[in-house]
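Chain identifiers are assigned alphabetically (A, B, ...) following the order of the sequence lines, protein sequences preceding nucleic acid strands; residue numbering begins at 1 within each chain.
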There are 2 protein chains.
Amino acid sequence: MSGNAKPTINDIARLSGVSKKTVSRVINRSPLLNEETRKRVDDVIRQTGYIPNPQARALALRRNFLIGLVHDNPNAQMVLGVQQGILSVLKGTEYELIVRPVDRGSTTLVADVRSFLERQRLHGVVLLPPISENDGLASLCLELGCRYVRMGSAELDDAAHMVASNDREVVREVVTFLMTTGHRRIGIITGPPGFRSASERHHGFNEALVAGGITPEPAWAVEGNYRFESGLVATRNLLAQDPRPTAIFASNDEMAAGALHAAREMGLDVPADLSIIGFDDTAIAAHIWPPLTTVRWPIVEMGKAAARKLLAGTIDALPEMPGDALFLSALIQRASVAPPR
Amino acid sequence: MSGNAKPTINDIARLSGVSKKTVSRVINRSPLLNEETRKRVDDVIRQTGYIPNPQARALALRRNFLIGLVHDNPNAQMVLGVQQGILSVLKGTEYELIVRPVDRGSTTLVADVRSFLERQRLHGVVLLPPISENDGLASLCLELGCRYVRMGSAELDDAAHMVASNDREVVREVVTFLMTTGHRRIGIITGPPGFRSASERHHGFNEALVAGGITPEPAWAVEGNYRFESGLVATRNLLAQDPRPTAIFASNDEMAAGALHAAREMGLDVPADLSIIGFDDTAIAAHIWPPLTTVRWPIVEMGKAAARKLLAGTIDALPEMPGDALFLSALIQRASVAPPR
DNA sequence: TTGTAAGCGTTATCAG
DNA sequence: CTGATAACGCTTACAA
């Protein structure tokens with residue numbers, strides 16, 4: 001075949017007898033273009049297999065065709081799910097995903113993200129909780145002209161910049177279900193302080209109790225950190241009390257697995273002696289024994305929605321779905337809940 | 001407090017009274033540079049907070065400062081672990097991670113990866129199993145001048161391009177342990193065909209049996225696909241036999257969790273009625289009940305090693321560790337193994 | 001509707 | 001050792 005050098009915009013221009021600017025117009029779907037010219041150039045592009053050089057475009061446009069996933073999330077399943085959702089939307093487009101973990105504890109968090117964004121000049125970023133709750137990061141994106149979408153458990157921003165879930169509401173539902181099943185002494189393992197998801201879920205929990213005529217018992221709310229071990233420790237604590245809860249709501253599945261573990265250690269049967277409900281519906285929920293009653297958090301779909309928002313207005317734009325701003329979680333009943341003895 | 005435009009190489013050149021080429025030399029640590037000039041320029045760079053524009057560099061160098069993670073891996077924990085390892089090495093360097101899932105079933109796999117690499121002009125890529133076993137991809141990288149490292153369960157390439165684990169060996173150890181514990185009827189749930197890890201583990205399994213004077217029983221080797229459900233189905237199959245195995249080696253933890261599930265469904269106690277061993281030591285292994293005896297596969301460390309190899313010879317190069325080519329897995333004893341009744 | 005010239009911010013070439 | 005000058009491949013004025 002011809003030389004092995006990839007064709008550039010100049011080659012296309014020469015081959016189709018137009019200027020490079022015209023080729024550029026074709027590439028960028030400029031509306032003011034003679035349909036005939038467009039077709040001619042398009043044909044040459046197709047024949048040569050020409051692909052615009054993203055590096056050159058990035059330099060000229062001062063903007064890359066990259067979507068960033070910025071996070072400091074202790075929940076592996078969540079990160080992976082969001083990634084999967086974003087990637088599925090990016091697939092077939094000219095955009096790629098770049099993953100950037102950060103340290104939310106660092107005092108230089110905002111500065112770190114700033115230098116990352118300034119250097120990479122991303123098309124846009126997806127901010128995962130808990131750093132998505134940091135308004136400073138949002139204004140930073142605004143300042144730098146970088147599109148952004150924040151994911152979280154409550155609406156922290158306008159619909160164009162937010163993909164939220166209704167955690168508080170669904171937890172109310174969960175706890176109501178527990179009460180309907182006959183439980184009156186219900187414990188909660190909360191998420192770590194500073195997490196909006198943690199406080200939303202905790203609030204939903206308390207609201208449901210109060211609505212059911214039960215006064216939340218401070219001793220039955222134990223703090224966890226979304227990790228297995230913290231669920232284990234919290235549950236030992238909860239079950240050491242007298243009287244002890246007959247049901248526990250863990251603010252995520254990993255901690256729920258820890259709760260199950262703790263119950264087993266004490267020789268308790270789940271759900272006969274203790275009912276447990278988790279949150280997330282990650283793989284572990286269906287895989288442990290007994291299968292865990294939990295809340296399905298549509299994290300992959302939320303990732304897709306985030307990507308769609310970021311791509312809105314571009315050539316690769318996908319239609320935004322109705323409800324792309326608020327996602328509804330749902331109770332998944334499995335086998336870890338039963339009436340108290 | 002000057003204008004808010006970021007300084008460019010021209011600014012630095014002007015401010016330090018040298019040419020831009022000299023600044024470029026400083027940036028790139030050119031050895032032929034007057035130490036005094038270097039220092040002067042360096043000072044200006046530090047004062048202004050100048051950061052070279054990666055897009056411009058990418059264009060001029062025809063190469064990006066990006067590391068690609070190319071995979072089609074059904075094992076979420078593995079992908080995440082590798083990612084974590086790579087990112088930890090990339091942290092603080094000028095390199096970023098770009099994630100690219102591909103479809104290993106597609107007939108256009110190689111072509112897809114080719115266009116990805118040609119477009120993005122990555123510094124290097126990490127190939128995860130099972131596509132890492134595709135020699136066509138390796139030659140493609142060579143052809144395109146893209147550094148690459150293949151990860152896998154056997155040494156498929158030279159040490160510079162390979163990060164391998166000793167699956168076969170460790171599985172021999174695992175099965176020997178089972179035999180030592182008293183088991184003679186041992187089943188295996190294999191990985192899917194076409195996976196080197198699957199065949200390596202299966203071979204190790206058979207070798208150990210033979211070495212222990214046991215003839216592998218074909219009916220006790222059931223195929224799985226590394227997913228929970230397949231472990232469930234395979235185990236139902238295994239336990240339906242008469243006589244049935246007293247122990248099962250599952251080729252990964254997810255399938256081992258499925259095995260546990262199946263045992264529970266049938267009212268069997270683990271480990272009293274059935275011993276189970278998994279592989280990977282992913283989070284689920286320690287979190288299910290009983291805690292799963294498994295093999296620790298140092299996947300995060302392997303990811304780090306892969307990144308180190310890719311960065312070797314660059315400014316950001318980290319010392320390569322001894323043993324960066326072959327990683328040793330180890331048996332982790334927990335509570336899912338006991339002598340047969 | 002299309003083309004020309006001038007960048008975008010860096011590195012390579014090749015003199016000095 | 002250092003510096004003009006020309007790429008790198010594309011886009012944005014601004015004309016025509």
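Salt bridge status for Asp11(A) with Arg14(A): present, with a side-chain N to carboxylate O gap under 4.0 Å. With salt bridges taken as basic N to acidic carboxylate O contacts below 4.0 Å, none links Lys39(A) and Glu36(A). Using a 4.0 Å cut-off between a side-chain N of Lys or Arg and a carboxylate O of Asp or Glu, Glu96(B) and Arg119(A) do not qualify as a salt bridge.
Protein atom CZ of Arg121(B) is 13 Å distant from nucleotide atom C1' of dC10(D), rounded to whole Å. As a whole-Å value, the separation of Arg62(A) CZ from dT11(D) C1' is 9 Å. Atom CD in Gln55(B) sits about 10 Å away from atom P in dG9(C), given to the nearest Å. Atom CZ of Arg38(A) is separated from atom C1' of dT2(C) by 16 Å (rounded to the nearest Å). Distance Asn53(B) CG to dC10(D) C1': 14 Å, rounded to the nearest Å. When rounded to the nearest whole Å, the span between NZ of Lys6(B) and C1' of dG9(C) equals 13 Å. As rounded to whole Å, 10 Å separates atom P of dT2(C) from atom CD of Glu35(A). The CG-P distance, from Leu59(B) to dT11(D), rounds to 12 Å in whole Å.
Minimum interatomic distance between Val99(A) and Leu87(B) (heavy atoms only, all atoms of both residues): O-CD2, 3.6 Å. Taking each heavy atom of Leu326(A) and Ser165(A) in turn, the nearest pair found is CD1-C, 3.9 Å. The minimum heavy-atom distance linking Leu142(A) with Tyr148(A) is given by the pair CD1-CE2, 3.6 Å.
Residue Tyr50(B) places its side chain closer to dT10(C) than to any other of dT11(C), dC10(D), dT10(C). In the set dC10(D), dC1(D), dG9(C), dG9(C) carries the atom at the smallest distance from any side-chain atom of Ala56(B).
Using a 4.0 Å heavy-atom cutoff across all strands shown, Leu33(B) reaches sugar-phosphate atoms only and no base atom. At the heavy-atom level, Pro52(A) lies under 4.0 Å from the strands shown only through sugar-phosphate atoms.
Within the structure, every side-chain polar atom (N or O) of Thr37(A) is placed at least 4.0 Å from both OP1 and OP2 of dT1(C). Taking 4.0 angstrom as the limit, Arg57(A) places a side-chain polar atom (N or O) nearer than this to OP1 or OP2 of dT11(D).
Rounded to 10 degrees, the angle separating the terminal helix axes of the helix from dT1(C)-dA16(D) to dG16(C)-dC1(D), each built from five base pairs, is 30°.
No option in Lys304(B), Arg308(B), Lys309(B) other than Arg308(B) meets the side chain to side chain donor-acceptor pair (under 3.5 Å) test with Asp324(B).
Remark: Ile9(A), Lys20(A), Lys21(A), Ser24(A), Asn28(A) in residues 9-29 of chain A come within less than 4.0 Å of DNA chain D through at least one heavy atom.
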